[in-house]
Amino acid sequence: MKRSWIPVLFAFTFAFVSSATSSSNVSQNPAEELLAGHSVRIPVDIRDNNWTTIAEELDIFNVRHLANNWTEGRYPVQEECAKDLTRYIQGLKRHEGWALKADDASGRYTNSFFWGNSYYVGSSTECAYINENYVKKMKEVANAGTEEAAEFNAEPHKRNSGLSGNNLWTESTVVKPPYKLGFYMMTISINATVSPVTRTIYLGVCLPFSCTASDVPVIAKLAASELAANHSIIEKVRDQHDMYNMYEDPTFWALTGISIGVFVLMAIGSGYDVYVTRKYARRNVIYDLERHAKLEQLAGRNQKSLSAFQGKVYLPVPAAEAIIGAPQPLPVNNNNDHEGSLRSSTPEVYKFSVIEELLLSFSVPANVKIICDGKVGGDTISTIHGLRVISMAWVILGHTCITAFKYADNMEYRKVVERKFLFQTITNGAFSVDTFFFMGGLLVSFLFFRTNAKGDLKTLTQGTRGFVSGSLKFIGLLMYRFFRLTATYMYVLGVVQIAMKWFHSNSVFEPPSADHYNCPNYWWRNLLYINTLFPVDQMCMIWSWYVADDTQFYIVGAVILVLATNHFKIATFALTTLLLSSWLTTGYIALVNNHMPSSDDPLALFDKIYDKPWTRLGPYLIGMSMGYFLFKTDCKIKMTKTTICVGWLLSSASLLSLLYGLYEADLSPLMAAAYSSLSHSIWALGLSWIVIACSTGYGGYVNSILSAPILYPVSRITYCAYLIHPLVIRLTALNLDSPFHLGNYTMAITFLGQMVLSYVLAFIISLSFEAPIVSMLKILSPKKRKRIQ
């Protein structure tokens with residue numbers, strides 16, 4: 001009974017399976033099954049080979065392709081290069097260590113092409129290290145006998161016995177290269193199907209040194225896959241032949257001679273300063289003892305306490321302090337007969353000769369005192385120091401980001417961070433330079449009117465009047481400015497020229513600008529401060545545009561100031577006309593070129609708007625107006641609390657809206673032109689309130705921060721820091737063996753390091769050039785001062 005169920009169960013199962021199979025064959029159309037409510041899996045043929053990967057399209061240099069395509073004597077390659085290339089391919093096939101390392105040092109596509117990586121530079125350092133082994137072996141062979149030389153020139157397999165084919169990295173694979181290797185950087189234009197636009201990539205390869213820049217493109221075409229060869233054009237090759245030798249450059253020896261001369265003067269000046277200080281310190285001790293003894297005698301004779309004579313004795317100051325124009329000690333001379341007997345013991349009056357003063361101006365202790373002095377003169381607006389330090393840090397931050405973006409392997413990350421709100425601080429970094437222009441106009445105007453009011457400019461005019469008097473004042477102001485800035489400026493320019501020539505020959509990266517060419521040819525434009533009147537691609541030290549503009553503004557400002565001494569209304573009219581002209585010109589240029597400050601790169605119109613004096617004049621003229629206002633009010637203004645609150649609110653709103661107001665803004669062409677025209681001047685107006693409020697006692701915590709004495713030393717070396725910091729940034733980037741990898745913490749650490757190093761070098765340059773020149777200008781000025789000891 002139980003066994004009879006088995007056939008029935010089997011038959012039922014068979015019938016069910018047959019039914020399911022037949023029903024599945026009813027419709028072979030997936031669309032019909034989909035309409036019937038059945039889920040359908042459409043088959044895909046993944047065996048289709050009619051597609052290419054990005055790695056195949058960017059397979060630009062592959063030694064396997066080179067080995068398959070290479071035939072010695074068939075291609076237009078120099079004979080020695082062809083032989084060495086054949087030997088290189090043999091070394092690769094035999095797994096010789098030097099050949100494997102040369103291939104390993106060559107660049108190739110790795111990743112992040114769409115993330116902005118255009119640098120496949122390999123490792124020039126590894127290639128150079130292989131050469132070190134070659135040089136060492138050549139020295140050994142040169143010092144050895146003929147047997148050792150023959151052994152070195154023997155077949156590779158004889159010198160490579162014991163090579164393990166399974167382990168390429170054992171010590172036995174390290175074989176000395178048979179010839180010198182060189183590193184070649186190729187600039188290649190890629191127009192692959194995977195890339196929507198033409199891209200420029202940089203590829204480094206380690207090849208025989210006997211190959212030249214004309215040989216490498218031929219070799220590269222043979223080493224590229226057929227697909228990559230069809231979509232790439234080699235635009236440029238930099239080799240290591242005809243390398244720059246700084247020891248053959250006259251500029252290098254001129255800088256060396258100047259550096260040695262300045263160092264000797266600093267050593268002599270410092271030694272003489274110490275000698276004079278100790279010499280008169282000993283005399284002062286003797287004088288003090290004699291003075292004290294006679295005071296005791298007078299006190300006993302006249303029955304007066306010794307304290308009655310205290311406070312009337314002025315002891316001499318060290319020679320270093322006498323140089324900087326500090327208050328000089330004078331012997332007491334009054335009508336008290338009881339003190340007449342002390343006149344014979346007064347310290348001698350010593351007047352330094354001009355030679356001594358000039359020598360002492362190089363004294364390191366004296367100049368360190370000047371730079372690190374925690375006090376400011378009465379004619380100085382202390383708030384300026386804080387603004388100067390903040391603006392300089394802002395400039396260094398912006399330049400650090402610009403350079404890092406250029407030499408990064410993830411440049412698309414820039415688009416990510418640029419969309420963030422706070423990144424507008426860096427994007428709008430151009431306002432930091434407007435701060436410098438504003439401060440320059442403010443100080444020039446304020447100090448000129450104060451100096452003129454004291455009558456100190458009469459020593460320049462020497463009794464002349466009218467046009468002659470004004471001309472002498474103008475020439476005096478201009479000459480002081482020229483000598484004050486130029487020596488330091490030209491020295492740094494020479495250093496930049498040498499450094500950029502060296503990097504152009506040795507760095508794996510292209511320099512950010514053509515200073516290696518422009519500085520030797522166009523340095524005279526920098527000397528005359530007219531480099532902004534020429535195209536940017538001809539500019540030496542591209543960041544020196546600010547120095548040129550500021551000097552041109554100084555010349556214009558000097559004319560207005562000299563004119564204002566006798567014709568104030570005419571000077572006011574000239575200033576107003578220039579300001580309006582600057583606004584109209586900037587707006588017109590922006591409108592014609594359809595400049596959109598909300599979306600365009602800040603440096604997009606560098607040659608037309610960014611660096612031109614007629615577009616950046618506004619903040620300087622506003623600064624001059626504020627300087628005159630502070631002079632006329634003597635920094636003493638009474639304001640109500642309402643005025644103070646409204647002033648701070650308007651100032652803060654102006655500055656913050658300029659920094660962050662364009663975030664995701666969509667401006668019309670007319671509004672964009674108006675913004676380009678007026679934004680720099682509005683920034684200066686916002687700063688004007690800060691300076692006025694802090695100078696008149698309404699600054700509060702802001703004034704405490706901006707006028708903090710700790711900022712004074714940093715502020716005093718700002719000029720040198722501005723000149724040297726881009727070179728420090730370039731030294732960091734161009735010395736790398738591989739590109740930057742952008743990241744928040746990486747950029748923060750890089751910025752802080754470069755800022756610290758820039759200020760350290762600026763301090764050294766200021767001690768060597770800037771501070772001595774300022775002292776010498778005071779010594780040689782028409783207004784002579786007595787040096788009393």
Side-chain angles (χ1 to χ4, degrees), residues 55 59-75 77-110 120 122-142 144-184 186 203-212 215-216 218-226 228 239-240:
D59 191 13
I60 299 174
F61 193 90
N62 190 319
V63 291
R64 183 173 291 278
H65 298 317
L66 178 62
N68 293 336
N69 297 328
W70 174 253
T71 301
E72 186 176 340
R74 181 179 177 182
Y75 300 100
V77 177
Q78 297 185 46
E79 182 179 355
E80 188 65 25
C81 175
K83 291 181 180 180
D84 291 345
L85 194 61
T86 300
R87 178 68 185 83
Y88 174 50
I89 295 173
Q90 292 174 351
L92 289 171
K93 292 179 178 179
R94 293 166 179 165
H95 287 179
E96 296 179 31
W98 69 272
L100 295 175
K101 286 187 174 182
D103 179 39
D104 186 53
S106 297
R108 55 184 58 83
Y109 166 74
T110 53
Y120 306 105
S123 176
S124 62
T125 305
E126 183 179 4
C127 188
Y129 178 76
I130 304 171
N131 275 336
E132 289 184 6
N133 291 335
Y134 169 76
V135 172
K136 291 178 182 177
K137 187 61 181 179
M138 286 296 97
K139 291 181 180 179
E140 295 174 3
V141 171
T146 56
E147 294 183 0
E148 287 81 354
E151 181 181 354
F152 179 74
N153 294 322
E155 289 296 322
H157 66 275
K158 294 180 180 180
R159 293 189 283 111
N160 199 32
S161 58
L163 174 65
S164 174
N166 296 326
N167 188 353
L168 302 180
W169 311 112
T170 58
E171 193 66 28
S172 60
T173 66
V174 180
V175 181
K176 307 296 182 184
Y179 47 72
K180 184 179 179 181
L181 295 170
F183 198 77
Y184 303 81
M186 293 184 286
L203 182 72
V205 291
C206 187
L207 292 172
F209 187 80
S210 57
C211 299
T212 63
D215 298 328
V216 172
V218 178
I219 299 171
K221 283 294 182 182
L222 297 174
S225 65
E226 183 178 355
D239 60 16
Q240 294 180 315

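Residue numbers run from 1 in the order of the sequence given. Values reported hereafter were calculated over all heavy atoms of this structure, with side chains retained and with hydrogens, waters and symmetry mates removed.
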- Query: How about L85 and L66: do any of their side-chain heavy atoms sit closer than 4.5 Å?
  - Reply: yes
- Query: Roughly how far apart are E79 CD and D84 CG, rounded to 0.5 Å?
  - Reply: 10.5 Å
- Query: Is the shortest heavy-atom distance from the side chain of Y184 to the side chain of Q240 under 4.5 Å?
  - Reply: no
- Task: Consider only side-chain N and O atoms of Q78 and S210, and report whether a donor and an acceptor are under 3.5 Å apart.
- Result: no
- Item | Residue pair D103 / S106, side-chain donor-acceptor N/O under 3.5 Å | no
- Query: Does the side chain of V63 reach to within under 4.5 Å of the side chain of I89, using non-hydrogen atoms?
  - Reply: no
- Query: Side-chain contact, heavy-atom cut-off 4.5 Å: V216 with D239?
  - Reply: no
- Item | Pairwise side-chain contact, W70 with N68, heavy-atom cut-off 4.5 Å (strictly under) | no
- Intermediate values then yes/no, side chain to side chain contact (heavy atoms under 4.5 Å, CB included), L222 and H65: CA-CA 7 Å; L222 297 174; H65 298 317; over 6 Å; no
- Message: For the SG atom of C81 and the CZ atom of F209, what is their distance to the nearest 0.5 Å?
- Response: 11.5 Å
- Item | D104 side, atom CG; E126 side, atom CD - distance, nearest 0.5 Å | 4.5 Å
- Query: Does any non-hydrogen side-chain atom of F183 lie less than 4.5 Å from one of V205?
  - Reply: no
- Query: Quick one: does P178's side chain get under 4.5 Å of R87's, heavy atoms only?
  - Reply: yes
- Query: If you measure from the Lys or Arg side-chain nitrogens to the Asp or Glu carboxylate oxygens, is any gap between D59 and R64 under 4.0 Å?
  - Reply: no
- Message: I'd like to check L207 versus L181 (side-chain heavy atoms, cut-off strictly below 4.5 Å). Are they in contact?
- Response: no
- Query: Would you call the rings of Y88 and W98 parallel, tilted or perpendicular, where under 30° means parallel and over 60° means perpendicular?
  - Reply: tilted
- Thinking salt bridges, do E96 and K101 make one under a 4.0 Å N-O criterion? no
